[in-house]
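Here the structure is laid out as structure tokens; the discussion comes afterwards.
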Amino acid sequence: MTKRELAPSFIPADIEPRLYQHWVDSGYFTADSSSPKEPFTIVIPPPNVTGNLHIGHALDQTLQDCLTRMKRMQGYEALWLPGMDHAGIATQNVVEKQLAAQGLTRHDLGREEFVKKVWEWKAESGGQILGQMKRLGDSVDWSREAFTMNETLSQAVLTIFKKLYDQELIYRAERIINWCPRCLTALSDIEVEHQDDEGEFVSVRYGDGEQSIVVATTRAETMMGDGAVAVHPDDPRYQHMIGTEVLLPLVNRMIPIIADELVDPDFGTGAVKVTAAHDPNDFEMAVRHNVPFVVIMNEHGVMDGTGTEFDGMDRFEARVAVVAKLKELGRVVAEKRPYIHAVGHCSRCDTTVEPRLSKQWFVKVAPLAKAAGDAVRDGRVKIEPEELAPRYFEWVDGMHDWCISRQLWWGHRIPVWYGPNGEVIVVGPGESAPAGYEQDPDVLDTWFSSALWPFSTLGWPNQTEDLKKFYPTSVLVTGYDILFFWVARMMMFGLFAMDGVPPFGTIVLHGLVRDQFGKKMSKSKGNVVDPLEFIDKYGADALRFTLARGSNPGKDQALAEDWIAGSRNFATKLWNATRFAMMNGATVEGDLPAVDSLNAIDKWILSRLSETTAQYTELLSTYEFARASEVIYHFAWDDLCDWYLELSKEAFASGNAQSTQRVLGFVLDQLFRLLHPVMPFITEELWTTFTGGETLMNASWPIVDVSHLDKSAEELITQLQRVITEVRRFRNDQGVKPSQKIPGRFIAPADVAQYSSAMAFLLKLELVDFTASASVEIGAIKCELDLSGAVDVEAERTRLEKDLATAKKDLATAEVKLNNQGFMAKAPENVVAEIRERQAATTADIERITAQLAALK
RNA sequence: GGACGAUUGGCUCAGCGGUAGAGCACCACAUUGACAUUGUGGGGGUCACUGGUUCGAUCCCAGUAUCGUCCA
């Protein structure tokens with residue numbers, strides 16, 4: 001318990017690496033599954049193995065660390081479990097890009113070699129983000145670090161696949177799926193991003209003469225795959241044509257005109273082409289009406305099999321050529337160009353998605369999604385903030401079956417084997433396929449394994465101690481942007497795999513970090529910021545505090561470097577205040593003196609501390625990070641530094657401050673504890689230095705002491721603050737320099753007068769005998785001063801007139817209310833009393849100020 | 001097209017049925033001690049618009065406008 005000296009100034013880089021290493025080495029982050037303490041569990045939203053720490057991670061992780069550290073201090077067995085996601089497409093793309101630089105494709109290497117290459121890459125440069133998490137100060141349990149492609153997590157994947165398959169919740173079917181012609185794989189609905197693109201809307205006449213119909217399309221190139229034309233069954237324009245056939249131009253095939261409810265008669269001409277193999281809506285209609293599937297494009301999005309001149313053209317090239325040809329044939333009735341409409345793009349490479357008829361594996365989501373919705377509906381799982389719950393319901397209640405097969409090599413290979421005679425078997429963990437069987441070449445969607453994260457990371461399907469202790473997890477903290485991608489899927493699989501126990505108790509959704517003007521960060525805009533640069537420049541605590549302070553539930557936040565600098569200033573403030581306290585003998589040793597024995601200043605700060613502790617703890621516990629940060633910031637800076645330390649300086653200077661030394665020590669000790677979850681580094685350094693304790697990480701969370709609440713002390717200090725502020729203002733108006741000492745005295749009731757010397761000390765007044773030349777009145781309290789020279793009458797008059805105007809205005813608004821019969825009759829008593837008090841106070845002010853103005857001559 | 005949210009000082013955002021708040025920015029003064037990564041004082045908003053409810057509306061309700069996000 002040897003106390004150390006505090007360095008003269010706060011340099012984050014001097015303390016952060018040392019403290020983090022110490023925490024890890026001491027095992028403070030490691031959770032104990034055999035502990036009798038109540039568990040608190042958070043699993044990290046696993047960053048991509050290809051990823052770098054971006055500002056969104058910094059926010060997400062700051063909030064998680066805040067909660068984890070607070071709960072740990074509150075006596076929970078806190079586990080924050082870290083790990084990474086293998087990120088199928090993203091990772092495969094990165095490694096393929098590296099190969100491309102050498103002029104190679106993955107096919108040159110072959111599947112086995114390629115996958116080996118990805119693992120190698122993962123080992124050497126993947127997981128950079130883990131190092132970056134350490135810079136941020138994340139108190140994650142490194143001994144439990146997980147990776148979706150690890151052995152145990154892969155076992156979990158096999159287990160659940162088989163379980164779902166056995167319950168007929170996984171099936172294989174030929175459907176229209178989203179296809180990326182560049183990645184050459186199927187995509188799920190949510191891996192498709194819709195953008196408003198400029199296209200064209202061409203109306204084409206099918207058939208001739210009487211037997212003709214005009215269809216409008218944005219995708220003319222697919223017309224060669226048309227199997228029908230569809231109209232709404234009630235559309236009067238086309239009644240006579242339903243059931244007949246028209247000629248399909250270019251390929252000169254007769255196709256039927258069918259009637260289907262799906263057609264919107266108000267859209268375009270009310271007649272649409274039905275291209276069963278190349279459009280999901282058309283597919284549905286085609287199934288209903290037995291329309292043939294005509295495939296006219298290969299997997300690269302190149303026209304193929306039409307038997308026309310267009311074969312071999314890229315789809316976009318073909319679109320132009322087809323329209324040109326139709327024009328030539330006189331079949332184009334109208335053209336709208338540009339025509340803005342929503343087009344799907346691959347979320348990984350931005351290529352325009354091509355709907356493609358193909359055989360894929362699907363999860364039948366209806367029963368799973370129902371359960372996922374119900375868990376929130378019946379309150380077993382809470383979504384914070386509540387406003388975002390409708391979005392969740394909208395999605396889980398209207399979810400399509402989930403396409404889970406991907407034509408990739410990097411990922412969990414689908415555990416389905418096909419026999420020589422068309423047998424299909426699913427090979428679970430520990431099982432093997434019979435000889436002569438071949439495994440499905442595809443892998444599973446990355447989100448399939450991510451959906452298992454809350455329990456696969458705890459050892460499931462094995463009934464591990466971790467699983468028993470830490471499942472279900474307490475809170476899931478993540479951005480609202482992956483509510484659908486990830487959260488809903490964890491809910492579905494968690495409920496399914498864990499016998500109806502949802503994977504978490506509360507889903508805490510935060511927003512996105514935007515630039516200082518509230519614009520979305522993007523590489524193309526060049527407004528992306530690097531959290532590591534900020535950590536280097538201002539320290540991790542400053543970045544964390546800024547992010548927490550900006551984090552209102554479910555809302556995006558703007559971030560500017562200036563705000564981070566402001567947080568760094570706050571850290572510096574804490575540092576300097578602690579140095580000052582230590583210089584003046586603040587201590588945590590010995591009992592806190594009985595509150596009755598303390599002066600009002602000490603009573604006041606203890607009261608404020610209790611209030612702050614209560615508010616702050618409540619706010620953090622309800623995920624109100626911004627408001628919590630605001631509360632603690634103002635307590636530390638305003639109450640503690642600007643007022644308490646200032647008001648106590650006289651006591652310290654007089655050498656008679658034993659109680660205050662102890663109170664200050666107590667307040668600092670508690671403040672460090674409260675701030676530790678958000679600013680772990682500086683608080684650890686200050687606390688261990690100041691108290692000589694081993695670590696703040698395991699110190700107990702402050703408890704509100706109601707016996708410290710003291711309204712009368714608060715009222716008294718409020719009075720002192722008013723007096724001080726008014727006298728300062730007077731000095732300022734009179735041009736008296738802040739450092740200049742002038743004679744002064746207070747004429748005040750005893751309870752205020754008692755603190756004359758404290759006030760005089762910070763107002764730079766000398767309590768000596770003198771003849772007053774000026775005075776400041778604050779209600780019943782008067783401060784007389786000797787300006788030893790001419791008072792600036794004009795400045796004084798200006799000020800008094802301004803005060804008078806304000807008082808008169810306030811009186812007027814109060815009297816309007818009091819003269820309003822409706823108000824007097826219906827307003828609650830306490831409000832009326834308040835207005836009456838205001839009337840009395842402003843009346844007194846007006847009298848006083850008027851008298852002062854008259855005295856000025 | 002559907003849904004949700006937003007509109008408050010120069011900027012970014014809190015708040016809320018009873019005299020408008022913060023941070024940053026701005027103006028003035030101050031540098032022999034905790035802190036210029038500072039202190040003190042100050043200026044600045046008819047709370048998008050139009051109606052309604054109410055004794056009282058920035059806050060509740062309806063409509064309008066603009067912006068944003070998600071879904072189709």
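Numbered from 1 within each chain, the chains take letters A, B, ... in sequence-line order. Source: prediction; values computed, not measured.
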Indicate whether OP1 or OP2 belonging to [N] is found under 4.0 Å from a side-chain N or O atom of [X].
X	N	value
A:Trp637	B:G39	yes
A:Asn584	B:A34	no
A:Arg391	B:C4	no
A:Lys520	B:G68	no
A:Lys737	B:U31	no
A:Lys764	B:G39	no

Check the side chains of [Y] and [X] for a donor-acceptor pair under 3.5 angstrom, ignoring hydrogens and angles.
X	Y	value
A:Asp602	A:Thr660	yes
A:Asp638	A:Tyr633	no
A:Glu650	A:Tyr755	no

Using a cut-off of 4.0 Å on non-hydrogen atoms, how would the nucleic acid contact of [X] be classed: base, sugar-phosphate, or nothing?
X	answer
A:Arg731	nothing
A:Thr725	sugar-phosphate
A:Glu726	nothing
A:Arg729	sugar-phosphate
A:Ala825	nothing
A:Phe517	sugar-phosphate
A:Asn820	sugar-phosphate
A:Gln516	sugar-phosphate
A:Asp481	nothing
A:Lys519	nothing
A:Asp733	nothing

*Taking for each residue the nucleotide of RNA chain B with the nearest heavy atom, is it A:Thr572 or A:Arg627 whose nucleotide lies nearer the 5' end?*
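Checking each residue's closest nucleotide, the 5'-ward one belongs to A:Arg627.
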_For atom NZ of A:Lys555 and atom C1' of B:G15, their distance in whole Å_ =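 A:Lys555 atom NZ is separated from B:G15 atom C1' by 10 Å.
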*Rounding to a whole Å, what distance do you find between A:Leu509:CG and B:C70:P?*
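Distance check: A:Leu509 CG to B:C70 P gives 15 Å.
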*asked:* Take a 6.0 Å sphere around CD of A:Glu386 and say whether it holds more than 12 heavy atoms from other residues, nucleotides or ligands.
replied: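 Not more than 12 within 6.0 Å, no.
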_B:G18 and B:A57, which share atom name P, separated by this distance in whole Å_ =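 Looking at atom P only, B:A57 and B:G18 are 11 Å apart.
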*Could you measure between the two P atoms, the one in B:A30 and the one in B:U69, and give it in whole Å?*
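Nearest-Å result for B:A30 against B:U69 at atom P: 49 Å.
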*Centres of the A:Trp687 and A:Phe672 rings: under 6.0 Å?*
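Not close enough - the centres of the two rings lie 6.0 Å or further apart.
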